[in-house]
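Take a look at the structure set out below.
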Amino acid sequence: MFDPVSNSVKFPDLESRILRLWKERRIYEKSLERRRGAERFVFYEGPPTANGLPHPGHCLTRAIKDLFPRYRTMRGFLCERKAGWDTHGLPVEVEVCKELGIHSKEEIEAYGVEPFIHKCIESVFRYMQQWERMTERIGFWVNLEEAYVTYHQSYIESVWWALKNLFDRGLLYQGYKIVWWWAQGGTALSSGEVGQGYREVADPSVYVKFPLLDDQGKESGTSLLVWTTTPWTLPSNQFAAVHPDLEYSLVEDAEHGGKLIIAKALVETIAAKVGRTLTVLSQMTGRMLVGQRYLPPFHYYYQSLGDKQGVGRDGDPHYIAWRVLPAEFVTTDSGTGIVHQAPAFGEVDFSVLLEEQSQFAAGEGPELICAVAPDGKFTAEAGDFQGRWVKDCDRDITRSLRHRGLLYHQEQYLHEYPFCWRAENDPLIQYPRRSWFIRTTQFQQQMLDNNRQVHWLPEHIRDGRMGNFLETNVDWALSRERYWGTPLPIWQCEQTGQQEAVASYEALRNKPGFAGTEAWTKAKAAHPELSDDLKIHKPYIDEITYDSPFAPGARMRRVPDVIDCWFDSGAMPFAQWGFPHIGAEQFGEQFPADFISEALDQTRGWFYSQLAISTLLFGDKAQGQPPLALTRSLDFPHPFKHCIVLGLMLGEDGQKMSKSKRNYREPNEIFDRYGADALRWYFFAQQPPWTTIRYSEQAIKDSIPEFLLRLWNVYAFFVIYARIDGFDPAAEAGSVEQLTTAELSQAGSYRPANLRSELDRWILSELNRCAAAVTELMDAFDNYNSAAAISEFVDALSNWYVRRSRDRFWREDQRDPDKLDGYWTLYECLLTTSKLIAPFVPFLAEAIWQNLAVAEFPKNALESVHLCDFPTGDAAAIDRDLSARMALVREIVSQGRAARVGAKMKVRQPLAKVEVILADRTHQPWLTEHVTLIADELNVKQVEFTQQADQYITYTVLPDLKRLGPRIGKRLPALQQAIGDADAAALLAKMESDGHLTLTVDGEPLRLDSQDLKVRLQARPGWAAAQGKSCVVVLSTELNDNLIAEGWAREIVHVVQTARKDINCQYTDRIAVGLDTDDANILAAMVQFADYIRSETLASELTRGPLKGVSPTETNVGAAALRTYVKVVKP
RNA sequence: GCGCGCAUAGCUCAGUUGGUUAGAGCGCCACCCUGAUAAGGUGGAGGUCCUAAGUUCGAAUCUUAGUGCGCGCACCA
C-alpha cells in the first residue's frame, strides 16, 4: 500500500529526510557495489581550494560533477568518485595572514614559521568541513571519507616522485629570470596566477629627457625623449633602445628650450599632448643613433660606472652602459619610439642585456643594475629613495626629474596591470630572480597534440582558449619562496652546489648520514594532536640533512622553496592514489579520466596543470615515449577525455560574484528556501552549462512550480486515487526488483499496451520516446536538452494524460479494466520518470521511488532509485504516428478554445458542432474515429472534418521551400509568383485528383507532387473561428433550448462543486443538494439533467428548495438568483 | 593591442544541417476549471532577432566590418 502523500510538499524538508535515508542505508556505497566488475566510467574531482566559503557558482560545478557520474552509474558503469581538497599555497597563507593581521614575509618569520604552518593546516581543515556540508546537501555523491588531500604525506610523495622524474630528465631547472614578483609576499608567481590578478589602474606616465653626450662626454644640448609608465625603474636605467629602421626627427621646442629626438611618426602626437609647436630640424634613422652615449636620469650608478669601458669581442673598448641600442621590438604605437631599458624589471629588457653582454669578452660586459631589493624597496644604491616601496616613490622621482629640468611631460596612463591574485592591493613587479622552472616549452607540440584529442564542451575551447594558451606556452615557474606548500624535494651539496631530487621520505631516510628529525619529534611531543603529514612540510623538512655523495664530509641540505600549488592539483590523477609508491592498481584502473568538469577559469589552472604534467610524465605511446607502469595503453588524450567547461556564474547584478558586493545568496539559504533539487534543476534545465550564467533567484524559485511541483502533483494524484481504489500492484506482482515493464506485466490485471486505450498507448509511447532521447543526449553530455525532453514529457503527462484520464479514475467499479489500465499506465510512467530524473533531481526521484516502489514492495524492490538501471526506452512501444496525431488533437482543442474566447462562449455552454479544416489530411481518418476526445474537451455535440470549407476559409498554397530549394534553386521566386497567381482551390483540387500537377515556371514546365506544396489556411471573417499552423476550427454558435438547458445544468454543477469545496468535502463524500430558484428555465434544466448533476457532484439527493439547517450559497446563474444548499450525507 | 565568447519579448533564456507565422518560463491582460484545490489549465498582448554590408532563390542562423558586454592573453617600455 502506498503511503498517503501530502499535497503541500516542502521540498527542503523532504530532502533532509532523503539525505538521512541515503546515509543510513549507505546507498551511494551500494550503488557502486552493484557495479563492481563493470566497465569503469572514470571521474576526477578537481579539488576545491579549501580557503573560503562556497558560493552558488561552486554549487553549479558540484551539481554537474554529480549529474554525469550518477547517470553513468545507472547506465551500468562503475564510477568511483574520490573527493579531493586543494590545501596548499598562497590562498591559504593569505587567509591565515588576514586572520593574524599580518602581511609581509618578515611578519610571518617574526610570528614563526612553525606556528604559522600549524595555523595553515587548521584553517584548511575548517573550510574543508564547510565544503563537505555543502557537498552533501546539494546531493553530490562523492567519497568524502577517502578524499585525497594535497597536504597528506602520500600525496606529497607522489608529487615528489613526479618532480624527481622531471629533475632526472633535466626538465626541472633553476634559472635566473625576470619573474612576476610579489614583493610583499617575497615570491614569484606563475603565469597562471599572474593572469588572475590583472586590473585596470591609472599609473603615472612620464616623458623624460635623456641628454645625449658628445665625443668628449659633454652634454650636446640634444636629448633623447623617452617614455615610461614605471618611473621607479628609472634609477636602474641601463640603456635606451631605438628601432634601427625607424625614422626619427630632431625637433626643437622653443618654449621648453631644447632639442629633442623623437620617432618621426609620433612628433605630431607629442606636440598635441604638450600643446606646443615642435619644429622639425632634421631627420635620421634609428641606426644613426645607435652607439651614442647619454646621461641617465639618475647618477647613482653613473657616477661610478659612467666612464667605464670594457673590452668587446672585437677587441676594442666600449662603454658598458648608457648607450643607444638597436632593438626590433620598438614600435611607434605609443610613447616616443625610444625605449628606456631597465633590464632588471622587464623580460625583454633583460634579454637585451644578455645580448649586450655577449658582445663583450668574458667579465668585461655590463652587470645587471638593480636598485630594488626583493622586498620591493629601494636599496642603498638608490640614495634618497632607500628603504621605500618603489611604487610609492613614483611621485618623488617625477618631482626630482622636474626640478632638474628632465621632465618633459607628465600624464596619467590607464592600463591593465597585474596584482597579487590573493593580496589584491599588492601590485606585482617584474624582478630578476633565481627560481625553478619546468621545461614545458620543450613539450609544447605534444601538449597541443594531446589537447587536440580532448573532447571539449563547448568545442571552441580546444582551439580557442586552451589552444591559444598552449601556443604561447612559457616554462612553468614552479618554485615559491613561501612556507605552506609541497616542499621542493631537492637537496644540494653545501660544498659543491650539486643537487639531487628525492622521491619519498623513505628514500631520504635511507640516505647515509640521515639526520635532523629532532625538530619534528619535539613538535609532536609538545603537540601530539599535530597531523603526521606535517613531518614533511616546512620547517621540519628543512632540518633533514644527509651525507653528500658529491664531496666527502659535506652535507646535503634542502633548497628552501616550496612549489606552486597548481602543480599539486595537476598531479592528482596519480597523486590521489599515492602512485607510484602505493596505489598502482587504482591508478592503472582509473587513468585517464572519462569525465571532468570545472569552470572556465580553470583553463590556465587545473586543465592546464593536469594536461602539462600528464604530457611530460606519460607522453604518448604513438610518439614512442615509454609509458610508465600502466595497465592501459597511453594514447592521447590523457589525463582526461571529456571536459565540460562551465561558464562563469555572475551575480544577480551581472557582475562577478564577490563576497564584498554580496551579489549572491549563501548556498545554505537557497537550500533552506527552495531545496537542492530546485537549484539543480535550474542549473541543468535553464541553459547549456557553458554559457555565462546570471544568478537568478527567481529562476531557481520558478523551477519548483514549473517542474518539481508539476510532477509532484501527478504523483500525488496517483497516490490519492490508488489508495481510494485500493490499487495494489504488490498483491498481483510478486518478484520485482526495478519495477520494469517486464516485471510489472506479471500482474493479473496488467494488460499489454496494445489492449489499452489510445491515450494509454500514447503516453507510454511518449514515455519511451523521452527515455530514448534522454539516453542519447546524456550519452553525449547534453544535460540541457535532456532536461527539456523530460520537462516536455512531464507536461504531457500532467496536462493531457492525467486530465484526460480523470473520469476513468472516478468510475465506481474498482475492477473496471479500463480504469486498471489507467492505474498501470500512470504507475509505470511515474516509476520510469523517477528513474529518468534520478541523476538530475535525486531527492524528488527518491521520494517518489520510496513510496511507489519501496513502500509497495518492501521486500523486493531495490531500496533506492539510484540503484536502478537507467531506462533507455523500448523502441517497440514508440508509435510516432500516434504522437503526431495526438499533437494534432491538442492543437485542434487549443484552437477550439481560442475560438470560444473569441466568440465569448464559455466552455460550460455546450455547442452543437465544431468544424475542423485540416491543412494536411493525412491523419483525418484517425481523427474521425477519435472525435469524442475533441468533443469532450470543447464541450460540443459534434465534430466534423470539413473538406469543402470555402465558406469558412481561404487557402494559401505555398511551395515547400526546404524540399524545392535544392531542386530548383533560382527558379524559386518565379515558382512562388506562379503559385501566387494561380487559384489556390483549383491547384488543390487538381493535386487531389491527379496526385501531381505541372506549372509553367520561367517558360518551362515544372512538375510538382503533393509533398512539394503546403497549404496554409486562413479563417474568413464572420465566423467564430481560430487558425493554427495545421488547422482551422470553426464553432457553430447557434444555441437551441436543449443546449441552453444543458448549459444551465453545467452551471449548477459548477456551483455545487464550489460549495463542496467550501465545506471541505473529502473526495469521496456523498452530499445532499438543495436548489432554490424562481427561474423556470433553471428548474427545468435541473429536472432534465438531474442524473448528470448527481453523478458529477457525488450527490445522493437532489431536491428543489432549501435544506434544513444548511445556509445557502447565493449565486447568479445568468440573470437568475440561485441559492444552493449542500451538506454531507452520512453513509 | 591581440585572442575567445556573447548580443533574440519588460525579465531570464531556447532556437537543431540557412526555409514560409522566431519559441518557452516569469511578469502583464482576459478567462476557464473546481473529485491533484492555499493547486491546475487556456487564450491574448508583447520582438527593427545589436548595426551595416555581403553570400544566397531565401539569413536570427553563413561571411566581413563595426558597436556594446564578459572573459582571457601580454614586448602595455
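Each chain gets a letter, A, B and so on, in the order its sequence line appears, and its residues count up from 1. Predicted model only: the values in this text are computed from it and were never measured.
- Computed from coordinates, the A/Glu697 CD to B/rC11 C1' distance equals 15 Å when rounded to whole Å.
- Within 4.0 Å of A/Leu1098, counting heavy atoms only, lies at least one base atom of the nucleic acid.
- When heavy atoms are screened at a 4.0 angstrom cut-off, A/Asn713 is found touching base atoms of the nucleic acid.
- Between B/rU48 and B/rC11, the distance separating the two P atoms is 12 Å to the nearest Å.
- Nearest to the side-chain atoms of A/Arg465 among the listed nucleotides B/rG70, B/rA36, B/rU34 stands B/rG70.
- Ring-plane geometry between A/Phe707 and A/Trp681 is classed as parallel, the angle between the planes falling under 30 degrees on a 0 to 90 degree scale with a further cut at 60.
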**Complete:** Dot-bracket assigned to RNA chain B with the 3.5 Å Watson-Crick/G-U criterion, [ ] for crossing and | for other-strand pairs, is (((((((..((((.....[...)))).(((((.......))))).....(((((..]....))))))))))))....
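- Rounding to whole angstrom units, CZ of residue A/Arg897 and C1' of B/rG43 are separated by 10 Å.
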Polar atom pairs (N or O), protein with nucleotides 19-21 of chain B, under 3.5 Å:
from   : atom 1 : to        : atom 2 : distance (Å)
B/rU20 : O2'    : A/Arg1016 : NH2    : 2.1
B/rU20 : N3     : A/Pro959  : O      : 2.7
B/rU20 : O4     : A/Pro959  : O      : 2.8
B/rU20 : O4     : A/Asp960  : OD1    : 3.4
B/rU20 : O4     : A/Leu961  : N      : 2.9
B/rU21 : OP1    : A/Arg1016 : NH1    : 3.2
B/rU21 : OP1    : A/Arg1016 : NH2    : 3.4

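- Protein atom CG of A/Leu325 is 19 Å distant from nucleotide atom P of B/rA77, rounded to whole Å.
- Spacing between B/rU67 and B/rC29 at atom P, rounded to whole Å, works out to 42 Å.
- B/rG35 atom P lies 16 Å from atom CZ of A/Phe809, rounded to whole Å.
- Counting non-hydrogen atoms under 4.0 angstrom, A/Glu1096 reaches a base of the nucleic acid.
- Between B/rG35 and B/rA14, the distance separating the two P atoms is 40 Å to the nearest Å.
- Atom NE2 in A/His340 sits about 13 Å away from atom P in B/rC76, given to the nearest Å.
- Per the geometry, CD1 belonging to A/Ile700 stands 12 Å off P belonging to B/rC13, to the nearest Å.
- Place A/Thr228 and A/Val714 on RNA chain B by their nearest nucleotides, and A/Val714 ends up nearer the 5' end.
- Residue A/Lys962 holds its NZ atom at 15.0 Å from CG of A/Asp1012, rounded to the nearest 0.5 Å.
- Nucleic acid contact class of A/Phe345 (heavy atoms, under 4.0 Å, all strands): none.
- Looking at heavy-atom distances under 4.0 Å, A/Ser805 makes no contact with the nucleic acid at all.
- Within 4.0 Å of A/Val1053, counting heavy atoms only, lies no atom of the nucleic acid at all.
- If you take CD1 of A/Ile461 and P of B/rG70, they are 19 Å apart, rounded to a whole angstrom.
- Taking a 4.0 Å limit (strictly below) on heavy-atom distances, residues 687-696 of chain A reaches RNA chain B at A/Gln687, A/Pro688, A/Thr691, A/Arg694.
- A gap of 30 Å separates the P atoms of B/rA59 and B/rC69, to the nearest Å.
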**Request:** Determine, stepwise, if the pair A/Asn451 / A/Trp456 fulfils side chain to side chain donor-acceptor pair (under 3.5 Å).
**Result:** CA-CA 9 Å; A/Asn451 171 56; A/Trp456 292 98; 2.8 Å; yes
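- Within the 4.0 angstrom heavy-atom criterion, base atoms lie near A/Val802.
- Each of A/Gln1057 and A/Ser894 has a nearest nucleotide on RNA chain B; the 5'-most of these lies closest to A/Gln1057.
- Under the 3.5 Å distance criterion, with hydrogens and angles disregarded, no donor-acceptor pair is assigned to the side chains of A/Asp702 and A/Tyr674.
- Distance CD (A/Glu792) to P (B/rU16): 16 Å, rounded to an integer number of Å.
- As rounded to the nearest Å, B/rG58 and B/rU20 have P atoms that lie 15 Å from one another.
- Look at A/Arg710 and you'll find a side-chain N or O under 4.0 angstrom from OP1 or OP2 of B/rG41.
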